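Chain letters run A, B, ... following the sequence lines, proteins first and then strands; every chain starts at 1. Quantities reported herein were computed from a predicted structural model and do not represent experimental measurements.
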Protein chains: 2
Amino acid sequence: MHSSELLKGTLQTIVLKVLKDHGRMYGYEITQRVKELSDGRILLTEGALYPSLHKLEAEGLVKTEIVNIGKRIRKYYLLTSPGKILAKDRVTEFVDFISTMRSVLQVKMN
Amino acid sequence: MHSSELLKGTLQTIVLKVLKDHGRMYGYEITQRVKELSDGRILLTEGALYPSLHKLEAEGLVKTEIVNIGKRIRKYYLLTSPGKILAKDRVTEFVDFISTMRSVLQVKMN
DNA sequence: TCTTATACATAATTATCTTATGTATTCGTG
DNA sequence: CACGAATACATAAGATAATTATGTATAAGA
């Protein structure tokens with residue numbers, strides 16, 4: 001499990017990117033997908049994820065579809081057009097940031 | 001200039017690593033060195049740097065040497081032995097984190 | 001002389017995350 | 001079939017770390 005300090009600031013980027021890659025997803029599914037992709041090293045907490053999703057929705061970057069699965073509700077999130085653009089920008093920003101950090105820390109990252 | 005969100009959590013790692021690479025340095029010098037290494041993309045703010053250095057000192061990870069330059073004081077920071085170990089660990093942690101993020105975001109970096 | 005750079009520092013505010021708590025359904029297993 | 005674990009949503013309190021603002025002072029350069 002990674003030190004959570006470094007994870008700060010990356011949550012929105014992660015959420016936008018997995019939504020971009022997997023189409024519509026619901027909250028719990030996002031946590032599981034990220035856990036899987038990170039080989040158990042990034043465990044998104046609900047206390048961080050849900051407020052983040054709600055914020056993205058309020059900003060029009062994602063839209064939702066509520067589906068009933070038996071008696072349980074499931075709230076799917078999908079990127080809007082601005083959301084797709086932002087997803088791309090955030091990933092680019094992250095890649096650039098890593099490039100800069102590589103220079104500062106003088107290490108190779110592969 | 002990078003979005004500061006991503007920078008969060010990396011300050012201590014940066015400070016420890018530049019101290020490790022450059023020996024004794026004073027606060028202002030650290031900001032300038034990081035600015036130089038990052039090609040102007042990472043500008044450490046004093047409000048973040050000084051408290052961070054003081055914390056490292058309180059934890060015995062750096063020690064200080066105060067030098068008078070004319071009428072001005074200059075406070076040099078040097079890594080202690082535990083500080084050197086931590087510097088190495090923090091960089092390793094960062095590299096591992098990037099590796100994980102690469103898997104999650106499914107991008108190549110370099 | 002006056003602006004910019006050097007050099008330290010702290011305080012108030014903001015943002016984001018963790019931890020804790022809450023509710024409820026569904027699945028798996030002894 | 002009972003019960004714990006997993007699924008699935010959500011919010012609130014508290015912690016932490018950063019930004020922004022402010023303060024003091026010297027030195028250099030135009």
Side-chain angles (χ1 to χ4, degrees), chain A residues 1-16 24-36 38 40-59 62 64-77 90 94 97 101, chain B residues 1-16 18 24-36 40-59 61-62 64-77 90 93-94 97 101:
Chain A
M1 178 61 174
H2 281 297
S3 139
S4 51
E5 278 320 309
L6 294 176
L7 206 55
K8 288 197 180 187
T10 62
L11 176 61
Q12 204 185 56
T13 303
I14 291 171
V15 169
L16 289 168
R24 75 174 200 178
M25 297 181 89
Y26 53 98
Y28 185 76
E29 188 182 12
I30 295 173
T31 66
Q32 297 309 300
R33 184 67 185 141
V34 170
K35 184 178 173 183
E36 194 183 313
S38 69
R41 284 186 274 266
I42 296 179
L43 305 175
L44 301 186
T45 60
E46 296 159 302
L49 178 63
Y50 290 114
S52 177
L53 286 169
H54 298 162
K55 195 185 167 210
L56 287 172
E57 189 181 8
E59 289 167 350
V62 300
T64 58
E65 286 173 9
I66 293 171
V67 175
N68 287 320
I69 305 294
K71 289 180 182 173
R72 187 186 286 167
I73 62 152
R74 189 173 280 177
K75 201 166 166 185
Y76 282 97
Y77 290 87
R90 281 275 192 273
F94 189 79
F97 173 69
M101 284 298 287
Chain B
M1 179 57 176
H2 281 295
S3 139
S4 49
E5 277 320 308
L6 295 176
L7 205 55
K8 289 195 180 188
T10 62
L11 176 60
Q12 205 185 56
T13 303
I14 291 172
V15 169
L16 289 168
V18 297
R24 74 174 204 179
M25 297 180 88
Y26 52 99
Y28 185 76
E29 189 182 12
I30 295 172
T31 66
Q32 296 311 299
R33 183 67 185 143
V34 171
K35 183 178 173 183
E36 194 184 313
R41 284 185 272 267
I42 297 178
L43 306 175
L44 301 186
T45 60
E46 295 158 302
L49 179 62
Y50 290 114
S52 177
L53 286 169
H54 299 162
K55 195 185 166 209
L56 287 172
E57 190 182 8
E59 288 166 350
L61 298 161
V62 301
T64 58
E65 287 173 8
I66 294 172
V67 175
N68 287 320
I69 305 293
K71 288 181 185 174
R72 188 186 288 169
I73 64 150
R74 188 173 281 177
K75 200 166 166 184
Y76 282 97
Y77 291 86
R90 282 276 193 273
E93 180 181 73
F94 189 79
F97 174 70
M101 284 298 288

Any base atoms under 4.0 Å from [X], or only sugar-phosphate, or nothing? Heavy atoms, all strands.
X       : result
B:Arg72 : base
A:Gly47 : base
B:Glu46 : base

Would you kindly compare A:Thr45 and A:Ile69 by the position of their nearest DNA chain C nucleotide and give the one closer to the 5′ end?
A:Thr45
Atom [atom1] of [X] and atom [atom2] of [N]: how far apart are they, to the nearest Å?
X       : N      : atom1 : atom2 : result
A:Lys75 : D:dT11 : NZ    : P     : 8 Å
B:Ile73 : D:dT24 : CD1   : P     : 16 Å
B:Glu57 : C:dA9  : CD    : C1'   : 13 Å
B:Leu53 : C:dA7  : CG    : P     : 15 Å
A:Gln12 : C:dT16 : CD    : C1'   : 11 Å
B:Asn68 : D:dT26 : CG    : P     : 13 Å
B:Leu11 : D:dT19 : CG    : P     : 8 Å
B:Ile66 : C:dA7  : CD1   : C1'   : 13 Å

Among D:dA17, D:dT20, C:dT26, which is the nearest nucleotide to the side chain of A:Lys71?
C:dT26
Minimum heavy-atom distance [X]-[Y], with the two atoms named:
X       : Y       : answer
B:Ser52 : B:Leu11 : CB-CD2, 3.9 Å
B:Ile42 : B:Leu7  : CD1-CD1, 3.8 Å
B:Val18 : B:Met25 : O-SD, 3.8 Å

Respond yes when some side-chain nitrogen or oxygen of [X] is under 4.0 Å from OP1 or OP2 of [N], and no when none is.
X       : N      : value
A:His54 : D:dT11 : yes
A:Tyr26 : D:dA8  : yes
A:Tyr50 : D:dC9  : yes

If I take atom OH from residue A:Tyr77 and atom CG from residue A:Leu53, how far apart are they, to the nearest 0.5 angstrom?
4.5 Å
So which one's nearest nucleotide on DNA chain D is more toward 5', A:Gly27 or B:Gly70?
A:Gly27
Check for a donor-acceptor pair, side chain of A:Ser38 on one end and backbone N or O of A:Val34 on the other, with a separation under 3.5 Å.
yes
